[in-house]
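Just so we're on the same page: letters track the sequence lines, and every chain starts at 1. Hydrogens, waters and symmetry mates are skipped; everything else that's a heavy atom, side chains included, is used.
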There are 2 protein chains.
Amino acid sequence: MSKLTPVVPCASCPIRHSAVCAECDSDELEMLSSIKSYRTIPAGAPLASAGESLTHFSSIVTGCATMSRTLEDGRRQTVGLLLPSDYIGRPGRARAAFDVEALSEVTLCRFERRAFEDLLRKTPHVASRLLKMTLDELDAARDWAVVLGRMTAREKVATFLISLARRQAAAGDALAGAVTMRLPLSREAIADHLGLTIETTSRQMTALRKDGLIEMTSNRDIRIPDFGALALEAGDDGDGGLIV
Amino acid sequence: MSKLTPVVPCASCPIRHSAVCAECDSDELEMLSSIKSYRTIPAGAPLASAGESLTHFSSIVTGCATMSRTLEDGRRQTVGLLLPSDYIGRPGRARAAFDVEALSEVTLCRFERRAFEDLLRKTPHVASRLLKMTLDELDAARDWAVVLGRMTAREKVATFLISLARRQAAAGDALAGAVTMRLPLSREAIADHLGLTIETTSRQMTALRKDGLIEMTSNRDIRIPDFGALALEAGDDGDGGLIV
DNA sequence: CGTGTGTTTGACTGATCTCAACGTCGGTGG
DNA sequence: CCACCGACGTTGAGATCAGTCAAACACACG
């Protein structure tokens, strides 16, 4: 299901400056290198299952995954979209709280849980970086609660497209005019993320298209001709804070 | 608006074993004591405002507060209910991301932000405790996303009552039979927490009452005659994981 | 005893869901 | 090569749950 992948030196790692290792100096990277391993998981495969044991703490190096929970009657809610540099697992806990599933082929940089916990104690730069990333995730999760609890279907879809465009852009890009992107999620995955049905999601995409706010060259390929106009639909007036 | 309150020794502090200081030894407590101050805020007053500067990192010692965001058109979503030992503010950021408002009179144990950031570097027990608390908050925020995104009004109200009862009970209590509690929130605050209107919230409370799942001696005083039965309405089958 | 705030209840509206049919695309095998 | 198939996405029609608007009620307070 997953395959071991040759280890890449941290210096040439694509998430070197954004993952838990971002603040490490070369000595600390040495330490990380000695205990890390890589693994590649095909699209659609589970990376973790709620309630089951999680032996490793992993960072996403490439690819994309969702974190979700499914109720007994089948209702599913995605609680996080994981992109490169996001982590899976947590120190001090042996079991996963949510299901994590690869949307595309995913490459992970992994640390055995106990070894990672030791690392946290020994290398303060990893601990402080993990705290910062977790605080950011917490803010993002709370921002998302506003979307789920108070936004209309149209606003939800617009907000999703805006936030995905922002995250896929190189950090710091302004994102003013036209933007093109490929959706890593199916309609069903988008619906689960937004707390909507597939049908409502599809209808809102169609509506945004008919209103000229988005263009679709294929189901997965979206062009936003005027980023600001779509952001306005998302209820984002540009003073920041709202969008994940 | 808020008043300075005499400093209490950490040894007799009600949140000594659950707040950010929980893992500290006596030397570390000494350090904390030297820079802490107390403040008491009356019910209804703001503890923080989104976008405005936050000079202190504070823990709630007694009382109850909500963290929320209000959209431009007035829609409000509560993103967290803060009870004793929960914290307000974050290291490394000078501005609040959300509004925080006292529901009852609140007593805070506060640290000036820069001093607290120094403390985090110097006392690993504070840093590790803060990381653990933040990871727990993140799990809770993600759990709440499932409630907001996928539950019906009835399930939302039942889930809220169950989770409030669990949090108010002394940690570790089983909560099997009858439970009595006083709601710290108005109907409006409950509605904002659940992503519902006041009217829908009120109707669901009435429905649960008529179904014998709750009893109300006043608007704010609730008795749950059979905790398990209400938990079932909340979609909580007892195998854990779902409820905050 | 009036006034104001918070809560409940009722009647109606409407956004989203449900159920169902149809369309599109890519892969497969005759 | 092309017909078939299945997965995914779109569209339509009707049902339903929660929202809106409005009125009544309850309680605290001056």
Side-chain angles (χ1 to χ4, degrees), chain A residues 42-45 66 71 73-77 101 103-104 147-161 182-211 214-222 233 235, chain B residues 42-44 66 71 73-78 101 103-104 147-161 182-211 214-222 233 235:
Chain A
T66 56
L71 302 179
D73 59 7
R75 285 176 286 178
R76 176 161 56 184
Q77 177 65 49
E101 190 183 318
L103 287 176
S104 60
V147 176
L148 292 175
R150 290 302 186 195
M151 287 195 174
T152 64
R154 183 183 176 92
E155 290 170 328
K156 285 179 175 181
V157 172
T159 300
F160 167 72
L161 294 174
R182 182 161 181 83
L183 299 179
L185 300 88
S186 68
R187 291 290 183 275
E188 182 172 22
I190 297 173
D192 286 340
H193 195 44
L194 297 174
L196 298 172
T197 57
I198 300 176
E199 296 94 324
T200 298
T201 304
S202 174
R203 276 187 250 271
Q204 296 302 332
M205 298 275 287
T206 303
L208 290 176
R209 181 165 52 71
K210 287 187 175 161
D211 291 345
I214 61 175
E215 292 159 18
M216 295 167 57
T217 54
S218 85
N219 285 334
R220 299 276 191 137
D221 291 289
I222 300 266
E233 289 294 324
Chain B
T66 55
L71 302 179
D73 59 6
R75 285 176 287 177
R76 177 161 57 185
Q77 177 64 48
T78 294
E101 188 183 319
L103 288 176
S104 60
V147 176
L148 292 175
R150 290 300 187 197
M151 287 196 175
T152 64
R154 183 183 177 93
E155 290 170 326
K156 284 179 176 181
V157 172
T159 300
F160 167 73
L161 294 173
R182 182 162 179 83
L183 300 179
L185 301 90
S186 67
R187 292 289 183 276
E188 182 172 21
I190 297 173
D192 286 340
H193 195 44
L194 297 175
L196 298 172
T197 57
I198 301 177
E199 296 94 322
T200 298
T201 304
S202 175
R203 276 186 249 272
Q204 296 303 331
M205 299 274 286
T206 303
L208 291 175
R209 181 165 51 73
K210 288 187 174 160
D211 291 346
I214 60 175
E215 292 160 18
M216 295 167 57
T217 54
S218 86
N219 285 336
R220 298 278 192 134
D221 291 289
I222 300 265
E233 289 294 324

At what distance, to the nearest 0.5 angstrom, does OG1 of Thr217(B) lie from CZ of Arg182(B)? 8.5 Å
Which of residues 186-197 of chain A have a heavy atom under 4.0 Å from DNA chain C? Gly195(A), Leu196(A), Thr197(A)
Under 4.0 angstrom between Thr200(B) side-chain N/O and dG19(D) OP1 or OP2: yes
In whole angstrom, what separates Asp73(A)'s CG from dC17(C)'s P? 14 Å
Phe160(B) vs Leu185(B), test: side chain to side chain contact (heavy atoms under 4.5 Å, CB included). Steps then yes/no. CA-CA 11 Å; Phe160(B) 167 73; Leu185(B) 301 90; 3.6 Å; yes
Interatomic distance, Arg75(B) CZ vs dG19(D) C1' [rounded to whole Å]: 13 Å
Here's a test for you: under side-chain contact (heavy atoms from CB on, under 4.5 Å), which of Leu194(B), Ile190(B), Thr200(B) qualifies with Val157(B)? Leu194(B)
Could you tell me whether the side chain of Arg220(A) and the main chain of Leu183(A) form a donor-acceptor pair under 3.5 Å? yes
Arg150(A) vs Leu185(A), nearer the 5' end of DNA chain D by closest nucleotide: Leu185(A)
Output for pair (Arg187(A) CZ, Ile198(A) CD1), nearest 0.5 Å, gives 10.5 Å
Among the candidates dG9(D), dT8(C), dC21(D), find the nucleotide nearest to the side-chain atoms of Glu199(B). dC21(D)
Tell me the interatomic distance from Ile198(B), atom CD1, to dA23(D), atom P, rounded to whole angstroms. 18 Å
Looking at the base of dG9(D), is there any donor atom on it, or on the side chain of Arg203(A), that sits under 3.5 Å from an acceptor on the other one? no
So, does Thr152(B) get its side chain near the phosphate of dC17(D), meaning an N or O under 4.0 Å from OP1 or OP2? no
Rounded distance (Å) that lies between atom P of dC8(D) and atom CG of Leu103(A): 13 Å
Met205(A) CE - dG9(D) P separation (whole Å): 9 Å
According to a strict under-4.0 Å criterion, is Ser202(B) in side-chain N/O contact with OP1 or OP2 of dT7(C)? no
Looking only at the side chain of Asn219(B) (C-beta and beyond, no hydrogens), which of the listed nucleotides dT10(D), dT7(C), dC17(C) gets closest? dT7(C)
Check against side chain to side chain contact (heavy atoms under 4.5 Å, CB included), Gln77(A) and Leu148(A): CA-CA 10 Å; Gln77(A) 177 65 49; Leu148(A) 292 175; 3.8 Å; yes
Result for side chain to side chain donor-acceptor pair (under 3.5 Å) between Thr152(B) and one of Arg154(B), Lys156(B), Glu155(B), Arg150(B) points to Glu155(B)
Can you tell me how far P of dA7(D) sits from CZ of Arg220(A), to the nearest Å? 15 Å
Tell me the interatomic distance from Arg209(A), atom CZ, to dG9(D), atom P, rounded to whole angstroms. 14 Å
Measure the distance from CG on Leu208(A) to C1' on dT10(D) and round it to the nearest whole Å. 15 Å
